[in-house]
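One structure below.
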Amino acid sequence: MADAVNRAGPELASTISATTDSEADNLRLYREFHPTYQGRHLIAELLRDPATPASSSSGSTTPDQSDRDASPTTESSDTSIEVHNSFARKDLNGLITTLAVKRPRETVVTTKSIHPIAKRSRRKPRFKDVKFKPNTTILEAEASRTSVFAGFYTVFWLGTFILFAKTILVNYRNTGYFLDTHIVSILWRDLPKIAITDLVLFLFTFANVVLQQAIVKKKISWNSTGWAIQSCYEVAFIGFALWWPIHNDYPWIGRVFLCLHSLVLLMKQHSYAFFCGYLSVVNRDLHLFESALAGLRNEERSRNPTQFQADQEECLLDEIEICQTELKSTLPMSKVRYPNNVTFFNFFDYMMLPTLVYELEYPRTQHIRWSYVFEKTAAIFGVFFLMIIIAEQYFYPIVMHALSLRSLPFLEKVKEYPFLFFELLFPFLLMYLLTWYIIWDAILNEIAELTCFADRYFYGAWWNSVQWDQFAREWNIPVHQFLLRHVYHSTISAFQLSKGAATVITFLLSSVIHELVMFVIFKRLRGYLLVLQMLQLPLVQLSKTQVLKNNKILGNIIFWIGIYTGPSMMCMLYLTF
């Protein structure tokens, strides 16, 4: 081998030497931080000198130091091999009993503690809390169409159409016009500027790909600077998205649209960046484990392999398998693997999908049903037109009256508040339901159909909720999935918090974002919505009491009272006070 290297020249020799040194360094690095190695090395040191504490700092060496300071031909290396062979041959239970008798006050590694150490050493895959699979929304499912309650769905839309026709006819009789123009004029105002602003915000998102490509090329490390750059970028992105519409005095509808869409873009970027950033760390660890495995096998070829080395090799193979599993798509027969996904096309495809959680690949349908697309398009424009009618006839007069009360004394506003509240009660509930339908059923299903996105589980049966946490989970599945992965679970793993504390933080973040939307609409920071949302936490605990837990009908009644009164009460608070 040496002759072959000399004949090949000094460059080949230096390359082989550098590769061997790298493998040895990675093996030492792996041993330094690996709990199983440290635990068994502790037993080896106790065997070597039972009278000397393994944790003593005088004259003792760490596992990594013993490997670094000794060469395969030194006396210490031979002693280490003998100790490991002795450790492999002796009965472990008898060994532990002997150590416990000699050193009763020392911390002794037992057979019960070795297994948890090995178990803790295995990598725990992250970002596996959300799984996508082909699915349909509840209202689209065949079971809903054939349900014994399907007629109520028909009655609802028939009653809505009758209200729509009545409103148009009454308006024509009173004013000579089928439709007032207050809301329409607000919608058309600054529409080109709003569209350009939204396009610019969307183009800004591609900066995430540039950052991830720099991480792939190892110009930036995610753990050191990558996550900090990403966080600063996200703060700047949402700050600009909120400041620019207010600075340019866009109408409130335009401000709300840009605010909500920028929040959607922010969540999608955050999921993409932190998922790919995590995979970059996994990819780095995979190369470390593979190099350490090569170094371990080279070490085994130069000496007689021990049982301890065989265990280390098995552990390395387990780590490599876990890393390789995390770096590829979970879908069967898929060939998508990190870092091959870090491309502009992959990011654009993800940004078009109706999901806020990034995955390497999603389940897709085979083709687009254009008749279904036409059905959802008609539903979107029909419901949108209906919402304009309701806003013109029922919202606009009440809102103008509420705004006129701002200059009155506080007691006068309190006296007038109940009448405005009950006037707005039913129109707001109807608008609430239509808003939910047009976004989570019509728009998201159409986008899913156009992008061949197969998982259509955008909402659950929230109308049957008996607890507020159930409503929070099922009202908006995409946002719930994002909060579950990137807020709830990330808070637990990053800050070692309890599930209860993570739940409070998740609710608080959601409440702050909703309050931010209210500030964009009314340009008034009051905190009413934040307080009302945080009150859901004690209501959740109340719903888990024995009285409500065994009476689901009563729980559902209380839930609907909150849905019926909450939006109207909150809107009047912001308008009046």
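Side chains are part of it too, since the values below use all heavy atoms of this structure and drop only hydrogens, waters and symmetry mates.
For the atom pair CZ (F458) and CD1 (I443), the distance works out to 11.5 Å, reported to the nearest 0.5 Å. With values rounded to the nearest 0.5 angstrom, R473 atom CZ is found 8.5 Å from S465 atom OG. In this structure, S490 OG and L484 CG are separated by 9.5 Å, a value rounded to the nearest 0.5 Å. In this structure, the separation between CZ on F164 and CD1 on I390 is 9.5 Å, given to the nearest 0.5 Å. Rounding to the nearest 0.5 angstrom, the gap separating the CG atom in L187 from the CZ atom in F257 is 12.0 Å. To the nearest 0.5 Å, atoms CZ (F453) and OG1 (T355) are separated by 5.0 Å.
Residue Y153 qualifies as enclosed at atom OH: its count of foreign heavy atoms under 6.0 Å is above 12. Within 6.0 Å of OH on Y372 lie more than 12 heavy atoms contributed by other residues, nucleotides or ligands. By the 6.0 Å contact criterion, NZ on K523 is enclosed, its count of non-hydrogen atoms from other residues, nucleotides or ligands being greater than 12. Open room surrounds CZ on F384; 12 or fewer heavy atoms of other groups in view lie less than 6.0 Å from it. At most 12 non-hydrogen atoms from other residues, nucleotides or ligands lie less than 6.0 angstrom from CZ of F374. Atom CZ of F381 sits in a sparse spot, with 12 or fewer heavy atoms from other residues, nucleotides or ligands closer than 6.0 Å.
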Can you list, pair by pair, the side-chain donor-acceptor contacts under 3.5 Å of residues 394-415, counting residues two or more places apart and other chains?
unit_1, atom_1, unit_2, atom_2, d
H401, NE2, E416, OE2, 3.2
S404, OG, H401, O, 2.5
R406, NE, L575, O, 2.8
R406, NH2, Y574, O, 3.4

Going by atom type alone, with no hydrogens or angles, which donor-acceptor pairs under 3.5 Å involve a side-chain atom of residues 194-204 and a protein atom two or more places apart or on another chain?
unit_1, atom_1, unit_2, atom_2, d
T197, OG1, K193, O, 2.8
T197, OG1, Y250, OH, 3.1
D198, OD1, H261, ND1, 2.5
D198, OD2, H261, ND1, 3.2

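Taking 4.5 Å as the limit, some side-chain heavy atom of C452 sits within range of a side-chain heavy atom of I368. Within the 4.5 Å cutoff, the side chain of P354 has heavy atoms near those of the T451 side chain. Put simply, the side chain of R284 reaches to within 4.5 Å of the side chain of N223, judged on heavy atoms. Proximity of L537 to Q541: side-chain heavy atoms (C-beta onward) are nowhere separated by under 4.5 Å. In this structure, the side chains of M351 and L265 come closer than 4.5 Å at one or more pairs of heavy atoms. Using a 4.5 Å cut-off on side-chain heavy atoms (C-beta onward), L429 and I563 make contact. L425 is listed as a side-chain neighbour of F422, based on a closest heavy-atom distance under 4.5 Å.
Closest of all the heavy-atom pairs between P245 and L258 is CG-CD1, 3.5 Å. Taking both residues in full, the closest heavy atoms of N341 and C276 are given as ND2-SG, 3.7 Å, listed atom of the first, atom of the second, then distance. Summarising the geometry of I138 relative to G460, their closest heavy-atom pair is CD1-C, 3.3 Å, with the distance given to 0.1 Å. In plain terms, the two heavy atoms of L542 and L548 that are nearest each other are O-CD1, 3.5 Å. Minimum interatomic distance between E140 and T137 (heavy atoms only, all atoms of both residues): CG-OG1, 2.9 Å. Contact detail for V336 and L360: the closest heavy-atom pair is CG1-O, 3.6 Å.
Between the side chain of S568 and the backbone N or O of T565, no donor-acceptor pair lies under 3.5 Å. With S543 contributing its side chain and V540 its backbone, the two residues share a donor-acceptor pair below 3.5 Å. Formation of a donor-acceptor pair under 3.5 Å by the Y417 side chain with backbone atoms of M569 is found in this model. Although no hydrogens or angles enter the test, the distance criterion places no donor-acceptor pair under 3.5 Å between the side chain of S510 and the main chain of F507. Within the 3.5 Å criterion, the main-chain N or O of M518 finds no donor-acceptor partner in the side chain of R526. Of the possible donor and acceptor atoms, none in the side chain of S334 sits under 3.5 Å from a partner among the backbone N and O of S329. Although no hydrogens or angles enter the test, the distance criterion places no donor-acceptor pair under 3.5 Å between the side chain of W244 and the main chain of F240. R524 places a side-chain N or O within 3.5 Å of a backbone atom of F577 that can act as its donor or acceptor partner.
Separation of the Y278 and W222 ring centroids does not fall under the 6.0 Å cut-off. Outside the 6.0 Å centre-distance limit, the rings of Y459 and W475 are not counted as a close aromatic pair. Taking the six-membered ring wherever Trp is involved, the centroid distance between the rings of Y457 and W440 does not fall below 6.0 Å. Y437 has its ring centre less than 6.0 Å from the ring centre of W157. The six-membered or imidazole ring of W560 lies away from that of W463, with a centre-to-centre distance of 6.0 Å or more.
Side-chain contact check for Y358 and N346: at least one donor-acceptor pair (N or O, by modelled atom type) lies under 3.5 Å. Defined by atom type and a distance below 3.5 Å, a donor-acceptor pair is present between the side-chain atoms of Q230 and N208. Side chains of Y362 and D349: no donor on one and acceptor on the other come within 3.5 Å. One side chain, E446 or T377, offers a donor N or O that lies under 3.5 Å from an acceptor on the other.
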Audit row: M352, F348, side chain to side chain contact (heavy atoms under 4.5 Å, CB included) steps and yes/no: CA-CA 6 Å; M352 294 294 102; F348 175 79; 3.9 Å; yes

Full working for side chain to side chain contact (heavy atoms under 4.5 Å, CB included) between L260 and V264: CA-CA 6 Å; L260 294 177; V264 170; 5.7 Å; no

CA sep, side-chain torsions, deciding dist, call: R456, D441, salt bridge (Lys or Arg N to Asp or Glu O under 4.0 Å): CA-CA 9 Å; R456 312 288 174 87; D441 191 87; over 6 Å; no

Side chain to side chain contact (heavy atoms under 4.5 Å, CB included) evaluation trace for D190 with N248: CA-CA 10 Å; D190 291 333; N248 289 274; over 6 Å; no

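A salt bridge links R189 with D249: the distance from a Lys NZ or Arg NE/NH1/NH2 to an Asp or Glu carboxylate oxygen falls below 4.0 Å. The pair D455-K131 does not meet the salt-bridge criterion, since no charged nitrogen lies less than 4.0 angstrom from a carboxylate oxygen. For R337 and E326, the salt-bridge test fails: no basic side-chain N is under 4.0 Å from an acidic carboxylate O. Residues K328 and E361 are not paired through a salt bridge, judged by the lack of any N-O separation under 4.0 Å between the basic side chain and the carboxylate. Under 4.0 Å is where a charged nitrogen must lie from a carboxylate oxygen, and between E449 and R369 at least one such pair does.
Shown are V357, L356, L483; of these, the side chain to side chain contact (heavy atoms under 4.5 Å, CB included) with M267 is made only by L356. Each of F237, Y350, F347 was compared with F206 under the ring pair (Phe, Tyr, Trp, His ring centres under 6.0 Å) criterion, and only F347 meets it. For the salt bridge (Lys or Arg N to Asp or Glu O under 4.0 Å) test with E359, the passing option among K133, K268, R485 is R485; the others fail.
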